[in-house]
Amino acid sequence: MAGKTLFDKIWQAHEICQNEEGQSLLWVDRHLAHEGSFHAFNKLRERNLPVRHPEQTIGIADHYVPTVSRNLIAVQPKVRNVIEQLVDNCSRNGITLIGLDDPRQGIVHVVGPEQGVTQPGLLMVCGDSHTSTHGALGALAFGIGASEVAHVLATQTLWQTKPKTMRITINGELAPGVTAKDIALAWISRLGADGARGYAIEYSGDVIQKLSVEARLTLCNLSIEGGGRCGMIAPDAKTIDYIKGRPYAPQGEDFDKAAEYWQTLYSDADATFDQEIVFDGGDIAPTVTWGVSPEEALPIDASVPDPAEAETTSKARQIADSLEYMGLKPGQKLTDVEVDRVFIGSCTNSRIEDLRAAAAVLDGKKCKVPGIVSPGSTIVKHQAEEEGLDRIFLDAGLEWRESGCSMCVGMNGDLVASGERCASTTNRNFKGRQGPGARTHLMSPAMVAAAALNGRLTDIRELQE
Amino acid sequence: MKPLNKLTSIACSLPLENIDTDQLIPARFMKESRDLGYGGFLLHDMRFTEEGAPTDVILNHPEAEGTQIMVANRNFGAGSSREAAVYAMVDYGFRCVVAPSFGDIFSSNAVNNGLLPAVVSVEDYERLSAYLAEKPEQIHLNLEEQVIGFGDSQIRFDINPTWKRKLLNGWDDIDLTLAESEKIEQFRNRYISQFSWLA
Ligand code: SF4
């Protein structure tokens, strides 16, 4: 019998039954809710259904929370209302809430791993596409829509068609200045924003093994930007160390039992994948996006494409449309592109290592443009303050804010003005993502810091030489 | 949910790739109650200028009035899991989107709201979008047969068989799953004895 992939092992452990067409009913270990889950709670209420296992859901306030202060009084009433609905839905249904004032508050995909809620082998869902983040610890985790959230609340299960499997292997070594963010942007730009559509991704290879747990979280986070159903990394000693002692982690003997099981979670040597992609880590350069999809990314020393050189008319139209929105000229050098502001934050790049990387570039220097730093969680914020990183950001001229989704999506009002260009550590450069007419360039935290110092997109390798 | 099978409607073409859910409904509208109807938010920033004037996009043309079928290029509905993107389409009146590929989460959200994500080959997409290039035209959809007819042509589309059954019947999963409660409970007992640290 052929071996099993990591994905297959976890899928099978959660399969309750199949329907006539072979779709599987899966058991859901953990569900994370946020303010946007109000549609799902409303659905449940309309149908008069109780939450089946409230102890398996955790509510976390992040998408709409203010980052200037924790005071709701100053917040726009409709925004406040959405935050209050989460509080109300959790308390009414007996769900634990990590709310605005909670010392554990933060972005759902930062808080899950930080609290030990995320563990290898678990099936986790959240009404947010970046749930793929949690796969970095060997969980099977994916984003779902509101109807599916309602289904999970009512039944603690979910119907899913089994995706195909893809392994992305990154061998060799990363060059200096290249991070998990660059790995992700590089593979997405090569395979396309739908390159992994219909697939569960497993990342493997020397480069992945050497990545820290936080860097792995960044990489898995971006799986959805390449269309992947989820992204996973087999748990190893680093993973187990990371989880040990966290509040929601198993304790004592339970931990040992769990850790023993976690060590069985890897793809067998003879397991086969539906698709294998192999990259050499040394070929990856610091990467930035120039367009309006994460697939429109290039090495920082490249130039913006020219529609006149596109292979097809439909590609040419696509490039022209992106350039027009982004206010860029065909063939313009990326390092000549001036930015108006920067943002450091989001579930992609707001953990302590990300803040350290940005602060290392900024230390003792002044930024040419304004910007916001919003740590991924209140715990990360305190840690950064203990390390003096807040001072570095403030002295460089950036704002040091509270934790939340903030300028990743602007739901709380942290917006990039129309026509403004922002160098951002976030995950989506979609039209209007950071605000109507906003122009977003995605890159790593160190690259954002470098862009802030120079007021234009900058090759981090120049600063590090 | 309204069942869907045969539909004859004006179809309009938006020949762009990667029309993501942030475009389908910009985030700032998502705090609104669904009772208001989300149709007005659909592709808002593509349909209106910053001053609020209608743009030249096809949806604003009088010929597109009453359209229930949208034809778009690859990776439609990529991005955020916001089901509000589907609410906006459904509340606007759409029952079907035809594209060479869709974001996974968008597709399942669509089906859960009676909106058909019909996957066609790239060649068939090119033919259909060429047919609609000048202006919106009437086309015929048959879900049971998985075909779309336009002019003298007919193309096939793909749809996950479970999703097809759900759309044809207008079914909602929750009732079906609750009927399996006993099986779920048995599974759970087995599961927590195996993974005792999760109990
Ligand atoms: S930080 Fe951005 S991508 Fe992450 S959960 Fe919040 S809104 Fe979504």
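Computed from a prediction, not measured in an experiment: that's the story for all the values here. A, B, ... follow the sequence lines: proteins, then strands. Residue 1 opens every chain. These numbers come from the heavy atoms of this one structure, side chains and all, not from hydrogens, waters or symmetry mates.
Residue A:Y64 touches chain B through its side chain alone, counting heavy-atom pairs closer than 4.5 Å. For B:P26, no part lies under 4.5 angstrom from a heavy atom of chain A. Of the two parts of B:D173, the backbone and the side chain both hold a non-hydrogen atom closer than 4.5 Å to a non-hydrogen atom of chain A. Of the two parts of A:V79, the backbone and the side chain both hold a non-hydrogen atom closer than 4.5 Å to a non-hydrogen atom of chain B. Residue A:H130 does not touch chain B at all, counting heavy-atom pairs closer than 4.5 Å. Contacts of A:E55 with chain B are made by side-chain atoms alone, with heavy-atom separations under 4.5 Å and no backbone atom involved. Using a 4.5 Å cut-off between heavy atoms, A:V82 touches chain B through its side chain atoms alone. With a threshold of 4.5 angstrom between heavy atoms, B:F102 approaches chain A through N, CA, C or O but not through any side-chain atom. Contacts of A:D29 with chain B are made by side-chain atoms alone, with heavy-atom separations under 4.5 Å and no backbone atom involved. Using a 4.5 Å cut-off between heavy atoms, A:P436 touches chain B through backbone and side chain atoms alike. With a threshold of 4.5 angstrom between heavy atoms, B:L198 approaches chain A through side-chain atoms but not through N, CA, C or O. Contacts of A:R428 with chain B are made by side-chain atoms alone, with heavy-atom separations under 4.5 Å and no backbone atom involved. Only the side chain of A:F38 comes within contact range of chain B, with at least one heavy atom under 4.5 Å from a heavy atom of that chain. Heavy-atom distances place no part of A:Q85 under 4.5 Å from chain B, backbone and side chain included. For chain B, the nearby part of A:E295 is the side chain; its heavy atoms alone come within less than 4.5 Å. Interface residue A:Q76: only side-chain heavy atoms are found under 4.5 Å from chain B. For chain B, the nearby part of A:R30 is the side chain; its heavy atoms alone come within less than 4.5 Å. Of the atoms belonging to A:L415, not a single heavy atom falls under 4.5 Å from chain B. Of the atoms belonging to B:Q186, not a single heavy atom falls under 4.5 Å from chain A.
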Before you tell me yes or no, could you show the steps for A:K431 and B:D45 under salt bridge (Lys or Arg N to Asp or Glu O under 4.0 Å), namely the whole-Å CA-CA distance, both residues' side-chain angles and the distance that decides it to 0.1 Å? CA-CA 9 Å; A:K431 288 178 185 171; B:D45 297 347; over 6 Å; no
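Side-chain contact check for A:W159 and B:T177: at least one donor-acceptor pair (N or O, by modelled atom type) lies under 3.5 Å.
For residues 250-262 of chain A, the pairs satisfying side-chain hydrogen bond (donor to acceptor under 3.5 Å, both in side chains) are A:K257-B:S196, with sequence neighbours left out.
No side-chain donor-acceptor contact under 3.5 Å links B:Q23 to the backbone of A:F430. Under a 3.5 Å cut-off, the side chain of B:S81 and the backbone N or O of A:G143 do not form any donor-acceptor pair.
Rounding to the nearest 0.5 Å gives a distance of 5.5 Å between OG of A:S314 and CD of B:E126. In this structure, the separation between CG on A:N19 and CG on B:L176 is 9.5 Å, given to the nearest 0.5 Å. Atoms NE2 and CD1, on A:H151 and B:I174 in that order, are 6.0 Å from each other to the nearest 0.5 Å.
Between A:W27 and B:Y191, the two ring planes are tilted [angle within 30° to 60°].
Here the closest heavy-atom approach between residue B:D175 and residue A:R47 is recorded as OD1-NH2, 2.7 Å.
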